[in-house]
Each structure stands twice: as C-alpha cells, then as structure tokens.
Amino acid sequence: MAHSLQIRSTEPDIVDVREQQDSESISTAISALRTQILAGLYKPPHSRTLPTLLLYDERGLLIYEQLTLHAPEYYLFPAEEQILADHAPDIVRAAKADSGEGVLVELGAGSLRKTSHILLALAAAHEARDKAPITYYALDLERRELVRTLNVVKETIGSQLAGKVDTK
C-alpha cells in the first residue's frame, strides 16, 4: 500500500509589498530612496542620516538585536521587556482585548521578544476556537528575518497561542 507524504511549509503567511510592485512603482521607489540618501548626506556634519531601509537588512537587524540584548549601555530593551513581562495581562485588559475578536498590528516587529509577552497574555485571555479570535500581524523591513522570528515564535510559544492568537 502506497502512502503519500505531505510536506508542510515552515514559511509563515507573509505579504511582501515589495514583491507586488510593477516596474513603474519600483522606479519611483528607487528615485525616492535616492532623494532620501542625498538629502541625508547633504545635512551638516553630525546630523547626516541614511534611510532606515538601507540599514536594516537581515544582517543589520541581527546586529541591532545583538546590541539591544547584550550591550549594557542599551538598558532600554531589558527594561521594556521586564515591564511587558510584569504587566502584559494588565495591558491586554486596558486595551479591552481580553474578549471578542481583534487584530493587532505591530510596526517594526523585530525579534518579537517583547511582543511575545503580549501574545501570551492575549492567549491566556481567550478560549481556543477553530478560528483564532485574535490575529497578530508583524510588519518589518526584511522578509527573511521576519520569517525567522515568526518561526521562532511558532516553535517556542506556538502551542500556547494555538486557536487563540494567529500570527502572520
């Protein structure tokens, strides 16, 4: 008797707006990026900037994560994470997200370490259903890094979110 093998994709459901552009909108985006680069470089010394899109590719996001997690001078990340760990259920209740259905969108999702506290609090506030009552959309600049971090969430806390919070 022959058995069929089904291969499951480990890639989360991601919409990449850059993949959906036609050549004219890509040309416009490149022109706008060039304008931003020149404007940033023509600023006075010590005020010069570059667009974030150039700095936060996959490697840039990993470097940023290493800095925020391991540099003692960058105390902000651990302090924010502790606040969320201590008060995520209170935040969920204050947002009135502890009942009914809803959508949570995060701009600049990053590693999702801090967000995981909110996702777990949302899951704890809801009963599991066939269709999760909460949908979380993580938005970020780099597709591969977003895929990686959503997979980490799935592997680490996915079972606790199942039927309660859908991550995309």
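Bear in mind that the values here come from a model prediction, so they are computed numbers and not experimental data.
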Quick one: do Leu120 and Gln160 satisfy side chain to side chain contact (heavy atoms under 4.5 Å, CB included)? Show the steps, please. CA-CA 7 Å; Leu120 288 169; Gln160 296 169 68; 3.4 Å; yes
Which residues pass the salt bridge (Lys or Arg N to Asp or Glu O under 4.0 Å) test with [X], not counting sequence neighbours?
| X | answer |
| --- | --- |
| Asp166 | Lys168 |
| Lys114 | Glu80 |
| Arg129 | Glu101 |

Report the C-alpha separation of Asp98 and Leu122 in whole Å, then their side-chain angles, then the decisive distance to 0.1 Å, and conclude whether the side chain to side chain contact (heavy atoms under 4.5 Å, CB included) test is met. CA-CA 6 Å; Asp98 54 349; Leu122 284 166; over 6 Å; no
Minimum heavy-atom separation for [X] to [Y], with atom names?
| X | Y | result |
| --- | --- | --- |
| Ala138 | Ala109 | CB-CB, 3.6 Å |
| Leu84 | His117 | O-CB, 3.8 Å |
| Thr149 | Ser111 | CG2-CA, 3.7 Å |
| Val92 | Ala121 | CG2-CB, 3.6 Å |

side-chain contact (heavy atoms from CB on, under 4.5 Å) partners for Ala124, two or more places apart: none
Verify side chain to side chain donor-acceptor pair (under 3.5 Å) between Glu155 and Asn151, making sure each step is shown before the conclusion. CA-CA 6 Å; Glu155 292 166 9; Asn151 281 331; 5.7 Å; no
For a side chain to side chain contact (heavy atoms under 4.5 Å, CB included) check, start with the C-alpha distance between Tyr136 and Leu112, then their side-chain angles and the critical distance, and finish with the verdict. CA-CA 11 Å; Tyr136 166 74; Leu112 302 177; 3.0 Å; yes
When you group the ILVMFWY residues by side-chain heavy-atom contacts below 4.5 Å and let the links chain together, are Ile118 and Val152 in the same group? no
Should Leu146 and Leu62 be regarded as members of a common hydrophobic cluster, given that ILVMFWY residues are connected when their side-chain heavy atoms come within less than 4.5 Å of each other, either directly or indirectly? no
When clusters are formed from ILVMFWY side-chain contacts under 4.5 Å, directly or step by step, what else is grouped with [X]?
| X | value |
| --- | --- |
| Tyr42 | Leu38 |
| Ile63 | Leu67 |
| Val105 | Val103, Leu107, Tyr137, Leu139 |

Restricting to side-chain hydrogen bond (donor to acceptor under 3.5 Å, both in side chains), what partner residues turn up for [X], sequence neighbours left out?
| X | result |
| --- | --- |
| Gln36 | none |
| Asp130 | none |
| Thr115 | Glu106 |
| Arg148 | Glu65, Glu145 |

Those residues that, when tested against Tyr74, pass ring-ring contact (aromatic ring centres under 6.0 Å, His included) (two or more places apart): none
For the backbone of Ala97 and the side chain of His126, can you confirm whether one donor and one acceptor N or O come within less than 3.5 Å of each other? yes
Check whether Asp140 reaches the backbone of Gly110 with its side chain - one donor and one acceptor, N or O, closer than 3.5 Å. yes
Salt bridge between Lys164 and Glu127, side-chain N to carboxylate O under 4.0 Å? no
Atom CG in Leu33, atom CD1 in Ile37: separation rounded to 0.5 Å? 4.0 Å
Tell me if the CZ atom of Arg48 is crowded by more than 12 foreign heavy atoms within 6.0 Å. yes
Starting from the C-alpha separation in whole Å, work towards a yes-or-no answer on side chain to side chain contact (heavy atoms under 4.5 Å, CB included) for Leu161 and Ile134. CA-CA 10 Å; Leu161 303 180; Ile134 303 294; over 6 Å; no
If you define the side chain from C-beta out and look only at heavy atoms, does anything of Thr49 sit under 4.5 Å from Lys43? yes
